[in-house]
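Working notes for the structure below.
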Amino acid sequence: MLQVQFIRDHKETVLEGLAKRNFADAETIIEKVLTVDENRRKTQVELDNTLAESNKISKEIGGLFKAGEIQKANILKEKTGVLKTKSKELTESLTALAEELQTLLYLIPNVPHASVKAGNSEEDNEKIFSEGTIPDLGENALPHWELAKKYDIIDFELGNKVTGAGFPVYKGKGARLQRALINYFLDKNIEAGYKEYQVPHLVNEASATATGQLPDKDGQMYHSKEDDLYLIPTAEVPITNMFRGNLVQESDFPITATGYTPCFRREAGSYGAHVRGLNRLHQFDKVEIVRVEHPDNSYNALNDMVEHIKNILRELKLPYRILRLCGGDTGFTAALTFDFELFSTAQDRWLEISSASNFETFQANRLKLRFKNKEGKSELAHTLNGSSLALPRVLAGILENYQTEEGIKIPEVLVPYTGFSIIN
RNA sequence: AGAAAGGUGGCCGAGUGGUCGAAGGCGCUACCCUGGAAAGGUAGUAUACUGGUAACGGUAUCGAGGGUUCGAAUCCCUUCCUUUCUGCCA
C-alpha cells in the first residue's frame with residue numbers, strides 16, 4: 001500500500017510509475033484518493049475540535065460537582081448533548097472516509113523502480129543476464145513427467161488418489177533428491193548470512209493482509225473457514241509477518257531470514273500443457289529468503305540476493321537467465337523484480353524458478369514495520385524477498401537436463417546430500 | 001474442549017469513575033560531578049492522525065471492538081490472546 005502522504009507529495013511520479021504498468025484509470029483513482037483524503041482531513045479537524053470542546057466542558061462539570069454547584073453543572077450537561085450528537089456524526093463520516101480511502105489505496109499497485117521499462121506482459125521483460133550451457137540431449141530426451149514415471153520417482157496418480165491433481169507424491173530417490181535440495185538451499189542461504197526459521201504453515205487474516213495477499217488474491221489461497229486461517233502460498237507471508245508492527249533500530253539492519261515451507265496455491269483458472277507435471281502444482285516446496293533493510297541500502301541488498309541465487313544455479317550447473325520484469329508483469333506489491341528462469345531442454349522452454357523483489361515501503365506500510373532513523377523519527381523500512389529456490393521446477397530442470405542413457409546424473413554439489421550420484 | 005486468573009509505555013509495575021498519556025522503578029539520551037569510569041545528581045525519554053513556516057497546539061490510543069456516563073485504564077457486553085488447573089494427545 002502506498003502512503004497517502006507520498007501520493008500527495010509526488011503525484012506526477014506516481015502517475016508516471018503506474019503508466020509503466022499500464023494501470024487503468026490511474027488518474028481517476030489518484031484524483032479520488034486526493035479528494036477523499038482532503039475530506040478526511042477536514043472531517044478529522046472538525047471532529048477533533050468538537051471533542052476538544054466536549055472535553056473542556058466535561059472538566060468544568062467535574063469541577064462544579066466538586067464545588068457542589070449541581071445546577072450549573074446540569075446546564076452544562078445539556079450543552080454536551082449537542083456536541084455528542086455532532087461528534088457521533090463526524091466519527092461516522094470519518095470512519096466511512098477512512099474506509100473509502102483504504103479501499104482506494106488497496107487498488108493501487110506499487111510504483112515501479114526507475115529501471116523498470118513500461119510493458120504489458122512477459123513479452124516485454126528484459127533479459128539482462130544468462131549463463132550455463134544448454135546440454136545437447138539428442139532426439140530421445142524426455143520431459144520430466146516421463147522421466148518421473150520411467151524411474152518411478154514422482155507419482156502424480158498416487159497424489160491424485162490421496163488428494164487430487166497438483167499434489168504429487170515423491171518416491172524413493174525422488175523424495176531423497178527433493179530433501180537434498182531443501183537442505184542444500186538452506187545451507188547455502190545460512191552460509192550467506194541468512195538466519196533460518198521454521199514458521200507456521202497457516203496464517204491469520206492480519207498476516208495475509210499485511211504482505212498483500214489479501215484482499216488482492218483472496219481466491220488464490222486455501223482457507224480454513226472454521227478457524228479463519230489461510231494456508232500459506234509462500235513462506236514470505238509468515239516470515240515477513242514475524243516483523244509486523246516492529247520498531248527496529250538502524251543498527252539491527254540488515255535483518256535477514258530464510259525458511260523452508262511447503263506452499264499452497266489454489267491456482268484457480270490454470271489449465272493446459274503448461275501446467276503438466278511439476279510445472280504448476282497446488283502444493284510445492286520452496287526455500288525463501290527475506291530481508292528487512294534500510295531504504296538507502298535496499299537496492300544493494302536486492303543485488304546481493306540476485307548474486308546469491310546466481311551462485312547457487314552456477315553450482316548446480318543449470319542453464320538459466322535473468323529477466324528484469326517490465327511494469328505490467330511486475331507483481332502488485334513489488335517495485336522491482338528479477339525473475340530467474342531455468343531452461344528446460346526437454347520441454348524446450350524457460351521455467352521460472354525464482355523471483356527476487358524489492359517492495360520498498362509498500363509492504364512495510366501495511367506491516368507497520370519501521371525503524372528509528374538518525375533524527376530519532378520512525379520511518380518505514382524496506383522489505384525484500386526471493387526464492388532461493390523453488391523446488392519443483394529446479395527438480396524438473398535437473399531431471400531433464402541431467403538425463404543420460406544410463407540414467408539421471410545428480411549434480412556434484414548435491415551428491416553429499418543425496419548419498420547417490422545417479423537415478424537409474 | 002472445560003474452569004479460573006490476567007492482558008497498562010522499550011521492560012517491570014501502580015492505578016476501580018473526574019487536571020491519568022497514566023505514579024514508581026529499570027533501561028536509554030544529554031548535562032553536572034570525576035584524571036577517567038562506577039556511584040550520585042538534574043533534565044528528557046510512547047505511537048498515530050491532525051493544525052501551524054516554526055514555536056507550539058488539538059484528538060485518539062491502558063489487547064481489540066461495542067455500550068453506560070457530562071466524563072472510562074477503572075463499570076457492562078462481545079471477542080482475541082496469555083498463564084495455571086482439568087481433559088485429550090503427536
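Keep in mind that what you see is a predicted model, and the values were worked out from it rather than measured. Residue numbers begin at 1 in each chain, while the letters A, B, ... track the order of the sequences.
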Taking for D48(A) and for I61(A) the nucleotide of RNA chain B with the nearest heavy atom, the one nearer the 5' end belongs to D48(A)
Practice prompt. Classify the nucleic acid contact of T80(A) as base, sugar-phosphate or nothing, counting any heavy atom under 4.0 Å across all strands shown.
Written response: sugar-phosphate
Phosphate oxygens OP1/OP2 of rU59(B): is one of them under 4.0 Å from a side-chain N or O of N55(A)?
yes
Note to self: Taking only the C1' atom of each, what is the distance from rA72(B) to rU8(B) in whole angstrom?
What the structure shows: 14 Å
Checking rC70(B), rG67(B), rU59(B) against the side chain of A52(A) (C-beta onward), the nearest is rU59(B)
Worksheet item: Expressed in whole Å, how much space separates the P atoms belonging to rC77(B) and rG40(B)?
Response: 47 Å
note: Q3(A), atom CD; rU50(B), atom P; distance rounded to Å ~ 12 Å
- Expected output: side-chain D155(A) to main-chain L158(A) donor-acceptor under 3.5 Å: yes
Suppose you measure atom P in rU82(B) against the same atom in rA55(B); what distance do you get, rounded to whole Å?
43 Å
Counting N and O atoms only, with roles assigned by atom type, does the side chain of R266(A) sit under 3.5 Å from a partner on the main chain of Y222(A), one being a donor and the other an acceptor? no
Q.
Please tell me whether Y299(A) and H113(A) form a close aromatic pair, meaning their ring centres lie under 6.0 Å apart.
A. yes
Categorize L51(A) for me: base, sugar-phosphate, or nothing, with a 4.0 angstrom heavy-atom threshold over every strand shown. sugar-phosphate
- Look at the side-chain N and O atoms of K59(A) and state whether any lies under 4.0 Å from the OP1 or OP2 oxygen of rC70(B). no
Closest to the 5' end of RNA chain B, once R40(A) and G62(A) are matched to their nearest nucleotides, is G62(A)
Checklist line | Whether T85(A) side chain and G81(A) backbone form a donor-acceptor pair below 3.5 Å | finding: yes
Taken to the nearest whole Å, CG/N74(A) to P/rG71(B) is 14 Å
task = Would you tell me if any nitrogen or oxygen in the side chain of R8(A) comes within less than 4.0 Å of OP1 or OP2 on rU50(B)?
result = yes
Taken to the nearest whole Å, CG/L101(A) to P/rC49(B) is 12 Å
In whole angstroms, the gap separating C1' of rU59(B) from CG of L47(A) amounts to 7 Å
Between I57(A) and T80(A), the two heavy atoms sitting closest are CG2-CG2, 3.4 Å
To the nearest angstrom, the CD-P distance between Q5(A) and rA48(B) comes to 13 Å
When rounded to whole Å, the CZ to C1' distance for the pair R244(A) and rA64(B) reads 13 Å
OP1 or OP2 of rU47(B) under 4.0 Å from side-chain N/O of R370(A):
no
All stems that RNA chain B takes part in, i.e. 3 or more consecutive Watson-Crick or G-U pairs with distances under 3.5 Å, are B:1-7 with B:80-86, B:10-12 with B:24-26, B:27-32 with B:40-45, B:46-51 with B:56-61, B:63-67 with B:75-79
Between NZ of K42(A) and C1' of rG51(B) the distance, given in whole Å, is 15 Å
### Query
Looking only at atom P, what distance separates rA60(B) and rC20(B), rounded to whole Å?
15 Å
> When you compare rG18(B) with rG9(B), how far apart are their C1' atoms, in angstrom units rounded to a whole number?
Replying inline: 22 Å
Notebook entry, point to check: Does F253(A) have its ring centroid less than 6.0 Å away from the ring centroid of F371(A)?
Noted result: yes
* Asked: Distance-only, no hydrogens or angles: does the D25(A) side chain make a donor-acceptor pair with backbone N or O of T28(A) under 3.5 Å?
  -> no
When rounded to whole Å, the NZ to P distance for the pair K88(A) and rA60(B) reads 16 Å
When rounded to the nearest 0.5 Å, the distance separating CD of Q5(A) from CG of N365(A) is 11.5 Å
Exercise. At under 4.0 Å, does any side-chain N or O of R41(A) touch on OP1 or OP2 of rC49(B)?
Worked result: no
Review point. If you measure from the P atom in rA1(B) to the same atom in rU79(B), how many Å do you get, rounded?
Key: 13 Å
_What I want to find out is whether E53(A) reaches K56(A) closely enough, with some N-O distance under 4.0 Å, to be called a salt bridge._
no
Query raised in the report: Rounding to the closest angstrom, what is the interatomic distance between rA14(B) and rA54(B) at atom C1'?
Result: 38 Å
For the P atoms, the ones on rG24(B) and on rU83(B), what distance do you get once it is rounded to whole angstrom?
32 Å
